[in-house]
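Every number for a ligand or one of its atoms is a count from 1 in the order of the listing. Counting begins at 1 with the first residue of the sequence.
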Amino acid sequence: MDRIAIEGGARLEGEIQISGAKNSALKLMAASLLTDECLRLTNMPRLADTRFLGRLLQRLGVSVIEGDGEDGAQTEFCAKDISSAFAPYDLVRQMRASFNVLGPLIARTGHAKVSLPGGCTIGARPVDLHLRSLEALGARIDLHEGYVYATAPRGLKGAEIEFPMVSVGATEHALLAAVLAEGQTVLRNSAKEPEIGDLALCLSAMGAKIEGIDTDTLTITGVSKLNGATWSVIPDRIETGTYAVAAAMAGGEVRLTKTRADFVQALLDKLEEAGATATATNDGVEIKRNGARLNAVDVTTEVFPGFATDLQAQFMALMTTAKGESVIRETIFENRFMHVPELMRLGADISVQGGEARVKGVEKLYGAQVMATDLRASVSLVIAGLVAEGETVVNRVYHLDRGFERLEEKLGACGAKVRRISGPPEDGEG
Ligand code: EPZ
């Protein structure tokens with residue numbers, strides 16, 4: 001199993017081109033099930049997760065053709081005929097976003113059998129809100145032996161849905177189902193993450209009628225058929241934020257291009273407060289940090305446009321060597337501090353109580369063997385490794401490969417000493 005080794009101490013200087021957003025691409029891919037014409041997605045990230053969902057779509061009868069175009073990598077998804085409406089456990093368990101095929105399958109074929117995704121390391125992550133919205137749209141849902149059996153023989157019907165809490169996945173799922181439902185659907189207390197706007201605009205390009213995009217109330221007037229389209233995936237705000245934190249950690253000057261500063265404004269404000277400089281440019285953002293040690297600042301994760309939970313681990317890594325004590329509150333997931341014991345192996349001083357971590361900045365981190373536990377936790381260890389004295393080796397790199405395209409190449413191009421070691425698993429790994 002591959003590992004990533006980082007030799008700490010190098011400043012970062014240069015440019016990193018940001019890829020298309022994983023969490024947008026996955027939902028756009030699910031949208032391809034809604035039409036018998038082809039959906040071509042450009043600026044596609046090539047990641048383990050997108051490959052994985054591509055394989056599930058193929059199992060359902062979708063043809064998936066990868067290529068290259070002016071706007072980077074592209075993939076064409078053609079769901080002319082859906083040959084199966086069954087998403088088995090082994091394919092949904094490995095990647096939760098696979099569950100998003102449920103709504104489109106019901107909308108297109110009137111029935112589906114999709115495995116429940118189960119929990120994951122960052123929390124229980126139930127799908128009750130997804131299922132309640134599909135029921136509100138007229139689907140009959142039965143749960144047996146870990147599977148959702150859904151039917152809507154006479155099609156889905158528009159409904160008024162008020163989400164009791166903000167959920168990115170449930171908003172996207174309801175939107176994916178409602179575009180082909182008969183009549184009007186209103187989704188209140190919807191999530192406003194940029195990936196939802198991207199999905200809504202792509203669906204509109206496919207012929208859907210959606211109002212209120214980027215607000216918390218989406219009004220959808222169902223259409224009987226959607227057409228194909230070509231759509232460019234928005235830039236990955238979490239990859240953007242991750243490299244911004246990496247530059248602030250290592251010091252130097254890094255230009256992040258083909259992205260948008262406004263997608264990560266809450267993070268940039270915190271980086272400035274800590275003493276780094278973040279300047280929006282016409283195609284991204286430039287991060288500078290010269291000399292002085294950063295100051296500790298507090299963060300609380302929130303729904304967009306607040307500080308993203310997917311950047312919490314990275315920011316905590318940054319705070320491990322800041323001057324003073326920083327309080328980091330996680331409010332979105334109940335168990336998203338799995339990186340803490342690993343950061344402590346590098347010499348960080350962190351204590352956790354409930355959803356709050358107190359990080360006392362230390363002068364120095366020291367390289368060690370560490371274990372990746374989930375996607376964002378693993379990249380926080382790479383960030384810490386950028387300044388740790390000696391070598392840090394991050395095991396279980398498959399977590400990183402799920403969501404960061406060519407990470408070692410992108411960081412390496414800016415001078416980081418990062419290399420991938422291919423080889424057999426470490427003791428206890430696997
Ligand atoms: C999406 O997950 C992202 N995943 C996550 O990124 C991200 O952390 C999260 O949104 C929040 O921004 C994808 O887009 C594939 P939620 P999602 O529904 O949709 C609870 C990464 O690293 N909830 O907004 O699953 C839930 O347990 C991943 O790329 C229910 O209780 O997040 C959580 O506490 C990790 N019932 C909260 O809501 C439900 O039916 C927010 O979850 C649904 C959610």
Side-chain angles (χ1 to χ4, degrees), residues 19-31 45 47-50 52-53 56 92 94-103 116-136 141 143 148 161 163-176 187 189-199 216 233-234 236-242 263-264 266-267 300-314 330-339 355 372-380 398-405:
S19 301
K22 166 182 85 85
N23 287 345
S24 203
L26 293 171
K27 320 306 162 62
L28 296 168
M29 289 169 72
L47 298 166
D49 273 11
T50 48
F52 193 81
L53 183 56
L56 170 60
V92 179
Q94 291 181 45
M95 200 202 35
R96 295 180 55 84
S98 304
F99 189 68
N100 276 294
V101 301
L102 176 63
L116 285 163
C120 74
T121 53
I122 62 175
R125 300 182 81 184
V127 285
D128 54 323
L129 304 179
H130 298 231
L131 297 179
R132 268 195 260 160
S133 349
L134 295 173
E135 278 178 327
I141 305 271
L143 304 181
V148 179
I161 299 171
F163 296 106
M165 63 188 284
V166 177
S167 160
V168 173
T171 304
E172 290 164 337
H173 214 154
L175 180 60
L176 282 164
L187 304 178
N189 199 25
S190 294
K192 292 183 292 193
E193 270 61 9
E195 294 74 26
I196 295 165
D198 199 33
L199 175 63
D216 61 7
V233 180
I234 53 166
D236 195 312
R237 65 195 166 96
I238 306 305
E239 192 195 20
T240 307
T242 299
F263 281 179
V264 284
L267 168 76
T300 299
T301 61
E302 284 165 40
V303 296
F304 190 83
F307 192 99
T309 171
D310 289 348
L311 290 169
Q312 178 257 108
Q314 298 89 315
E330 172 58 56
T331 69
I332 309 291
F333 292 107
E334 66 273 21
N335 189 28
R336 211 170 193 184
F337 285 140
M338 303 282 281
H339 41 284
T373 49
D374 75 71
L375 170 57
R376 313 303 176 186
S378 31
V379 84
S380 77
Y398 58 84
H399 287 295
L400 271 181
D401 293 335
R402 290 188 44 202
F404 289 95
E405 195 175 42

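The heavy atom nearest to atom 18 (O) of ligand 1, considering only A308, A25, S167, is found in S167. Ranked by closest heavy atom to atom 12 (O) of ligand 1, the top entry among V168, V379, N23, V166 is V168.
Interface of K27 with ligand 1, defined as ligand atoms under 4.0 Å from a residue heavy atom, comprises 13 (C), 14 (O), 15 (C). Heavy-atom proximity to T309, at under 4.0 Å, picks out these atoms of ligand 1: 8 (O), 11 (C). Taking every heavy atom of R336 and a limit of under 4.0 angstrom, the matching atoms of ligand 1 come to 8 (O), 22 (O), 35 (C). For ligand 1 and I332, the ligand atoms under 4.0 Å from any heavy atom of the residue are 33 (C), 34 (O), 37 (C), 41 (C). Applying the 4.0 Å criterion to heavy atoms of M165 picks out, from ligand 1, the atoms 20 (C), 31 (O), 37 (C), 38 (O). For ligand 1, the atoms lying closer than 4.0 Å to a non-hydrogen atom of G169 are 18 (O), 19 (O). The contact set between ligand 1 and L129, taken as ligand atoms under 4.0 Å from a residue heavy atom, comprises 36 (N), 39 (C), 40 (O).
Of the residues R336, E302, R376, the one that meets the side chain to side chain donor-acceptor pair (under 3.5 Å) test with T309 is R336. Of the candidates V233, L199, T50, L26 forms a side-chain contact (heavy atoms from CB on, under 4.5 Å) with just one, namely T50.
For A97, no nitrogen or oxygen atom sits less than 3.5 Å from a nitrogen or oxygen atom of ligand 1, counting backbone and side chain alike. Residue contacts with ligand 1: R96 is placed with no nitrogen or oxygen under 3.5 Å of a nitrogen or oxygen of the ligand (distance criterion only).
D236 and S19 share no donor-acceptor pair across their side chains, judged by distance under 3.5 Å alone. Looking only at atom types and distance, the side chain of T301 has no donor-acceptor partner in the side chain of Q312 under 3.5 Å away.
Between the CD1 atom in I234 and the CG atom in D198 there is a gap of 4.5 Å [rounded to 0.5 Å]. Separating the CG atom in D216 from the OG atom in S190 is a distance of 7.0 Å, to the nearest 0.5 Å.
Residue, atom and distance of the protein heavy atom nearest to atom 32 (O) of ligand 1 are F333 CZ, 3.9 Å. Protein heavy atom closest to atom 5 (C) of ligand 1, with residue, atom name and distance, is D310 OD2, 3.7 Å. At the top of the distance list for atom 43 (C) of ligand 1, counting protein heavy atoms only, stands P126 O, 3.3 Å. Counting only heavy atoms of the protein, atom 2 (O) of ligand 1 lies nearest to R125 NH2, 3.2 Å. Annotation: atom 36 (N) of ligand 1 to nearest protein heavy atom, D128 OD1, 2.7 Å. Protein heavy atom closest to atom 29 (O) of ligand 1, with residue, atom name and distance, is R376 NH2, 2.7 Å.
Although no hydrogens or angles enter the test, the distance criterion places a donor-acceptor pair under 3.5 Å between the side chain of S98 and the main chain of M95.
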### Query
Can you list the steps and then say if K27 with E172 is a salt bridge (charged side-chain N to carboxylate O under 4.0 Å, His left out)?
CA-CA 7 Å; K27 320 306 162 62; E172 290 164 337; 2.5 Å; yes
### Task
Show the numbers, then the answer: is there a side chain to side chain contact (heavy atoms under 4.5 Å, CB included) between D49 and N23?
CA-CA 9 Å; D49 273 11; N23 287 345; 5.9 Å; no
### Task
Check step by step if salt bridge (charged side-chain N to carboxylate O under 4.0 Å, His left out) holds for K22 and E405.
CA-CA 10 Å; K22 166 182 85 85; E405 195 175 42; over 6 Å; no
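Contact analysis puts K22 in contact with ligand 1, with a non-hydrogen atom separation below 4.0 angstrom.
The shortest side-chain heavy-atom distance between T171 and F163 falls under the 4.5 Å cut-off.
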